[in-house]
Structure formats: C-alpha cells, structure tokens
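Proteins get letters first, then strands, A, B, ... in listed order; numbering begins at 1 in each.
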Number of protein chains: 2
Amino acid sequence: MKLSTKGRYGLRAVLDLAVHADEEAIALSQIAERQGISMNYLEQLIAKLKKAGIVKGIRGAQGGYILAAPAEEISVGAILRALEGDLNPVDCSEVNQGDGMCSNSDSCVTKYVWKRISDSINDAVDTIKLSELVAESKRVQTGAGATDTKVNKSCGK
Amino acid sequence: MKLSTKGRYGLRAVLDLAVHADEEAIALSQIAERQGISMNYLEQLIAKLKKAGIVKGIRGAQGGYILAAPAEEISVGAILRALEGDLNPVDCSEVNQGDGMCSNSDSCVTKYVWKRISDSINDAVDTIKLSELVAESKRVQTGAGATDTKVNKSCGK
DNA sequence: TTTAATCCCTATTAATTTACTCGGTTATAA
DNA sequence: TTATAACCGAGTAAATTAATAGGGATTAAA
C-alpha cells in the first residue's frame with residue numbers, strides 16, 4: 001500500500017515545473033538536478049505525464065517542458081493517476097466482477113471496503129490542485145521557519 | 001498503491017471467522033477451504049492478526065480461532081494495519097523528516113499531500129466496523145439478488 | 001498413553017514488480 | 001551545420017511478494 005517512486009518523484013517534478021513556469025520551457029536536466037533524480041528515469045516519468053496531457057514537450061535546442069494547462073486546473077489526482085495508474089487499493093477486475101453475484105459472499109462484501117477506500121483516496125487527491133502546492137512552495141522558500149533543526153519523530157516502532 | 005494479498009485474504013479470513021462465530025472455535029483448515037486460500041499461507045496471516053490482538057488461538061484438538069473482541073469493536077482499519085503495516089502512501093520517515101526544515105522545498109510541500117491521503121485512508125477504514133461487514137455478508141447470503149449474471153464492466157483500460 | 005488435530009515458527013523459492021540504465025533517433029534554435 | 005534537448009524502446013539488477021515446505025509444541029479425546 002505504498003506509492004512508488006514514480007508518484008513521489010513525478011509529483012515533485014511537476015511541482016518544480018509549475019514553480020519555475022515563468023521561464024519559457026524547462027529542460028529535464030534542470031529538473032533532474034534540482035530534484036536529485038536521474039535524468040534517464042525522469043524521462044520515463046515525464047513520458048507518462050505527457051501521454052496524460054498534463055505537460056507538453058517542446059523539442060529541439062532550448063526546448064523543454066511546460067504545463068499543458070494552468071496549475072489551477074491540474075489536480076494532484078490527475079498527476080498521480082498518470083504516474084501510478086489508478087489509485088484503487090485492489091485491481092479493478094476484482095472489484096467489478098459480478099456486482100450482484102459473487103461466488104463467495106465474503107469476497108463480495110469486502111468489495112465495498114475497497115470501494116470506500118478507493119473513493120476516499122480519489123476524493124482527497126482530486127481536491128488538491130497543483131496551484132495550491134505552488135503557493136505553498138513559494139511561501140516555504142521565502143523565509144518562514146527553515147531554521148528549525150528538530151529531529152525526526154520516533155515514528156511508531 | 002495496491003493492497004497485497006495479505007490484506008485481501010486476511011480481511012476475508014477475519015470476516016469468515018466473524019460470520020461463523022456461533023460455533024466454538026474455527027479451524028484454520030475450514031477458513032482456508034471456504035476462502036480458497038492455502039492453509040500454510042493463511043497461517044502466516046493469522047499470526048499477524050493474533051499478534052495484533054484481533055484474534056485468539058485455541059490450541060489442541062477441536063481448537064481453532066475466535067475473535068478477541070466483539071465484531072462491533074474491531075475496525076477494518078485495525079485488521080488491515082495488522083496485515084499490511086501502516087496504510088500511509090509513503091514511508092513514515094519521508095513524511096516526518098524535518099517538519100519545519102526541508103532540504104528541498106518541493107519534497108517538503110509534497111509531504112502535505114501524503115499526509116492528506118494518509119488521513120483519508122485511515123479515516124475511511126477506521127469507520128468501518130467488522131460487524132457491518134458481518135451484517136452485510138449475512139444479508140447477501142440469505143437471498144437478495146444473487147441471480148444477477150451481469151458481466152464485468154469495461155473497467156477503464 | 002497414544003493419537004489426532006491444532007497452533008506455532010522458520011527457511012527457501014518462484015514469480016513479479018520496481019527502479020533504474022543505456023543506446024539510439026528526431027527535431028529545432030543558433 | 002552543429003549543439004541541444006526531447007523522444008523511444010529494450011534490457012537488467014535489486015527488492016518485494018506470494019507462496020511452499022516442513023519441523024516442532026500443545027492440547028483434547030479415545
């Protein structure tokens with residue numbers, strides 16, 4: 001039940017793109033360096049984002065990537081689904097098989113659980129817009145704390 | 001971002017246990033057969049559930065397993081966390097490192113996204129009690145539909 | 001006491017997925 | 001034309017998952 005590096009790196013990459021959106025087009029190499037991600041790997045991630053219509057590539061020298069829409073219109077959900085595939089906790093086939101008819105009544109009932117989890121995840125990510133993160137990022141960068149050297153919390157066990 | 005078979009099989013197993021709670025103790029072999037799960041594998045899952053205090057084992061001939069508490073007091077969240085570990089979309093360390101200080105402002109900002117997802121998942125599963133599933137399971141089993149032969153929905157792509 | 005049925009524990013393995021790397025091609029500004 | 005950067009597809013090492021396998025330990029009934 002973990003997001004892969006695709007989602008984690010990819011969201012950072014899109015955010016980086018959005019934050020630096022004033023410049024014309026951002027080269028992958030710049031994002032890779034700023035975010036500490038291998039350029040080759042980042043290429044794969046951005047390919048998914050391009051396919052999903054979230055970013056646009058501009059080829060040739062001085063080329064790079066730009067957002068395909070204003071940051072207000074791009075949800076974190078769309079970004080994560082582009083990178084990770086659907087965000088359902090179990091495969092679609094397992095949830096949709098039957099609907100009214102189940103070979104096993106228990107597996108039938110657990111489907112409602114997966115559906116509730118799925119809905120809550122999708123609802124959460126769809127209500128966060130990229131623009132919110134951009135604003136927060138700019139706020140964090142310009143002062144605001146940043147000198148706190150608090151150590152990691154114990155974190156459970 | 002998928003639940004493993006541990007969570008999927010394990011929840012079914014607990015539900016099976018809860019549904020058949022009238023009998024004294026349920027043998028693993030019965031659950032394994034009813035749910036179509038290998039008995040050896042199921043043993044591993046039930047061990048986690050036992051460790052988490054969700055089920056109790058009764059040893060010896062005629063032994064088996066029973067719920068450690070009434071089904072009303074057991075949440076799906078507790079079951080899934082026992083089987084899968086925490087339900088956070090990223091590792092705890094990645095979210096808690098720093099808190100007020102981030103080496104990279106973008107990774108700092110994305111932490112809020114992971115937190116929101118995490119909260120929504122945990123909230124969803126914690127509000128579903130095992131007793132609800134038991135009631136639903138009994139309702140499904142005793143008539144109600146079950147003749148519907150609707151084919152799988154297309155399921156995106 | 002014997003036997004059967006069960007819990008309990010650890011190790012090994014096969015398959016799958018993840019997280020990359022690498023080599024080459026195409027397009028475009030200078 | 002040359003440098004730059006997007007684009008494309010295949011290949012691979014490491015990690016994780018999903019089991020399998022088997023050897024006790026414990027208890028209840030015969």
Side-chain angles (χ1 to χ4, degrees), chain A residues 1-14 17 20 23-68 80 83-86 89-91 94, chain B residues 1-13 17 20 23-33 35-68 80 83-86 89-91 94:
Chain A
M1 199 57 180
K2 291 273 181 278
L3 234 41
S4 72
T5 54
K6 290 196 191 77
R8 301 208 310 276
Y9 294 175
L11 180 58
R12 288 227 309 274
V14 176
L17 206 56
H20 297 89
E23 295 137 59
E24 212 28 74
I26 315 288
L28 265 196
S29 57
Q30 291 179 53
I31 301 177
E33 197 181 10
R34 273 196 294 257
Q35 300 297 328
I37 305 168
S38 127
M39 159 123 181
N40 280 320
Y41 191 39
L42 191 55
E43 242 175 35
Q44 291 184 15
L45 308 186
I46 209 98
K48 285 171 184 280
L49 293 164
K50 201 175 95 98
K51 205 169 168 184
I54 291 168
V55 301
K56 269 202 296 210
I58 295 169
R59 303 184 67 153
Q62 267 42 263
Y65 286 94
I66 55 169
L67 293 180
L80 290 180
L83 293 160
E84 297 273 341
D86 65 66
V90 301
D91 271 338
E94 190 157 348
Chain B
M1 198 59 181
K2 291 275 179 279
L3 236 40
S4 72
T5 54
K6 290 196 191 77
R8 302 208 309 275
Y9 293 175
L11 180 58
R12 288 227 309 273
L17 205 57
H20 297 89
E23 295 138 58
E24 212 29 75
I26 315 290
L28 266 196
S29 58
Q30 292 179 54
I31 301 177
E33 196 181 11
Q35 300 297 328
I37 305 169
S38 125
M39 160 121 181
N40 279 321
Y41 192 40
L42 190 56
E43 248 177 27
Q44 292 180 26
L45 308 184
I46 209 100
K48 284 172 185 280
L49 293 164
K50 201 176 94 99
K51 205 169 169 185
I54 291 167
V55 302
K56 269 202 293 206
I58 294 168
R59 308 185 65 152
Q62 269 38 268
Y65 285 95
I66 54 168
L67 293 180
L80 291 180
L83 293 160
E84 297 272 341
D86 65 66
V90 301
D91 271 337
E94 191 158 348

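Interface remark: the A:Glu43 side chain does form a donor-acceptor pair with the D:dC7 base, using a distance-only criterion of under 3.5 Å. One N or O donor and one acceptor, one from the side chain of A:Arg59 and one from the base of C:dT26, sit under 3.5 Å apart.
In terms of modelled atom types and a separation under 3.5 Å, the side chain of B:Glu84 and the main chain of B:Leu3 share no donor-acceptor contact.
Counting heavy atoms from C-beta on, the side chains of A:Leu83 and B:Met1 never come closer than 4.5 Å. A:Tyr65 places a side-chain heavy atom less than 4.5 Å from the side chain of A:Ile46.
Each of B:Gln30 and A:Gln44 was matched to the nucleotide of DNA chain C holding its nearest heavy atom; the match closer to the 5' end belongs to B:Gln30. Both A:Gly57 and A:Ala61 sit near DNA chain D, but only A:Ala61 has its closest nucleotide nearer the 5' end. Mapping A:Ala27 and B:Tyr9 onto DNA chain D by nearest heavy atom places A:Ala27 closer to the 5' end of the strand.
For D:dC7, one of the phosphate oxygens OP1 or OP2 lies less than 4.0 angstrom from a side-chain nitrogen or oxygen of A:Lys50. Considering only side-chain N and O atoms, A:Ser4 lies nowhere under 4.0 angstrom from the phosphate OP1 or OP2 of C:dT17. Side-chain nitrogen and oxygen atoms of B:Ser38 include none within less than 4.0 Å of the OP1 or OP2 phosphate oxygen of D:dA18.
Taking atom CD of residue A:Gln62 and atom P of nucleotide C:dA30, one finds them 6 Å apart after rounding to whole Å. Between the C1' atom of C:dA5 and the CD1 atom of B:Ile26 lies a distance of 15 Å, rounded to the nearest Å. Nucleotide D:dA10 holds its P atom 18 Å from the OH atom of A:Tyr41, rounded to whole Å. In this structure, the CD atom of A:Glu84 is 11 Å from the C1' atom of C:dT18, given to the nearest Å. Atom CG in B:Leu45 sits roughly 12 Å away from atom P in D:dT20 (whole-Å rounding). Following rounding to the nearest Å, A:Leu49 (CG) and D:dA6 (P) show an atom-to-atom distance of 14 Å. As rounded to whole Å, 13 Å separates atom C1' of D:dC8 from atom CE of A:Met39. For the pair A:Met1 CE and C:dT17 C1', the computed distance is 17 Å after rounding to whole Å.
In this structure, A:Ala47 has no side-chain contact (heavy atoms from CB on, under 4.5 Å) partners at least two apart in sequence or on a different chain.
A salt bridge is defined here as a Lys NZ or Arg NE, NH1 or NH2 lying under 4.0 Å from an Asp or Glu carboxylate O, and A:Arg8 with B:Asp91 fails to meet this definition.
Within 4.0 Å of B:Ile46, counting heavy atoms only, lies no atom of the nucleic acid at all.
Contact between A:Ile37 and A:Tyr9 at its shortest, heavy atoms only, is CD1-CB, 3.6 Å.
The side chain to side chain donor-acceptor pair (under 3.5 Å) analysis of residues 36-49 of chain A, with sequence neighbours excluded, yields the pairs A:Thr5-A:Tyr41.
With axes fitted over five pairs at each extremity, the angle between the ends of the helix from C:dT1-D:dA30 to C:dA30-D:dT1 is 10° (10° resolution).
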